[in-house]
Amino acid sequence: MKTYSFQVVLEKDKWPDEPDEKAVWRAYIPALEQQGAASWGYTQQEALRNLQNAVDLLVEYLLEQGEDLPTEPSPQIQVSDVPLIAVTI
């Protein structure tokens, strides 16, 4: 069993002429962005929750296809041989 930890980028996103209240949050994982690990939400928490769902589906698909999960570039990806629980505050 391995635990993979991926760095997430979380940023506000809006059209230049829109007020800040119309902004949404964009979340993505740079190391998995080409495979589609990106999402958005109206709040930071929603964007992260949506991203987690997208990553769960992506990992399931990659494993079904017999593809390995990326382990580089470091420090964007950390791999542990033991189960871990991550808490983001």
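Note that CD of Gln52 is 11.0 Å distant from OG of Ser39, once rounded to the nearest 0.5 Å. For the atom pair CD (Glu60) and CD (Gln65), the distance works out to 11.0 Å, reported to the nearest 0.5 Å. The distance from atom CD of Gln76 to atom OG1 of Thr71, rounded to the nearest 0.5 Å, is 12.0 Å.
Taken together through direct or relayed side-chain contacts under 4.5 Å among Ile, Leu, Val, Met, Phe, Trp and Tyr, Leu63 and Val55 form part of one hydrophobic cluster. Connection of Val9 to Leu58 is not established within any shared hydrophobic cluster, with ILVMFWY side chains joined at heavy-atom distances below 4.5 Å, either directly or through further cluster members.
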Could you list the donor-acceptor pairs under 3.5 angstrom formed between side-chain atoms of residues 15-36 and any protein atom two or more places apart in sequence or on another chain?
{"from": "Glu18", "atom 1": "OE1", "to": "Trp15", "atom 2": "N", "distance (Å)": "3.0"}
{"from": "Arg26", "atom 1": "NE", "to": "Glu11", "atom 2": "OE2", "distance (Å)": "3.3"}
{"from": "Arg26", "atom 1": "NH2", "to": "Glu11", "atom 2": "OE2", "distance (Å)": "2.6"}

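Side chains of Lys2 and Ser80 form no contact here, defined as non-hydrogen atoms less than 4.5 Å apart. Counting heavy atoms from C-beta on, the side chains of Ser5 and Leu84 never come closer than 4.5 Å.
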(request) Please test Leu62 against Leu69 for side-chain contact (heavy atoms from CB on, under 4.5 Å), starting from the C-alpha separation and ending with a verdict. (result) CA-CA 7 Å; Leu62 291 174; Leu69 295 179; 3.8 Å; yes
(request) Decide yes or no on side-chain contact (heavy atoms from CB on, under 4.5 Å) for Leu10 and Leu48, but give the supporting numbers first. (result) CA-CA 8 Å; Leu10 188 62; Leu48 289 171; 4.3 Å; yes
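Here ring-ring contact (aromatic ring centres under 6.0 Å, His included) pairs that include residues 42-89, with residues two or more places apart or in two chains, are Trp40-Tyr42.
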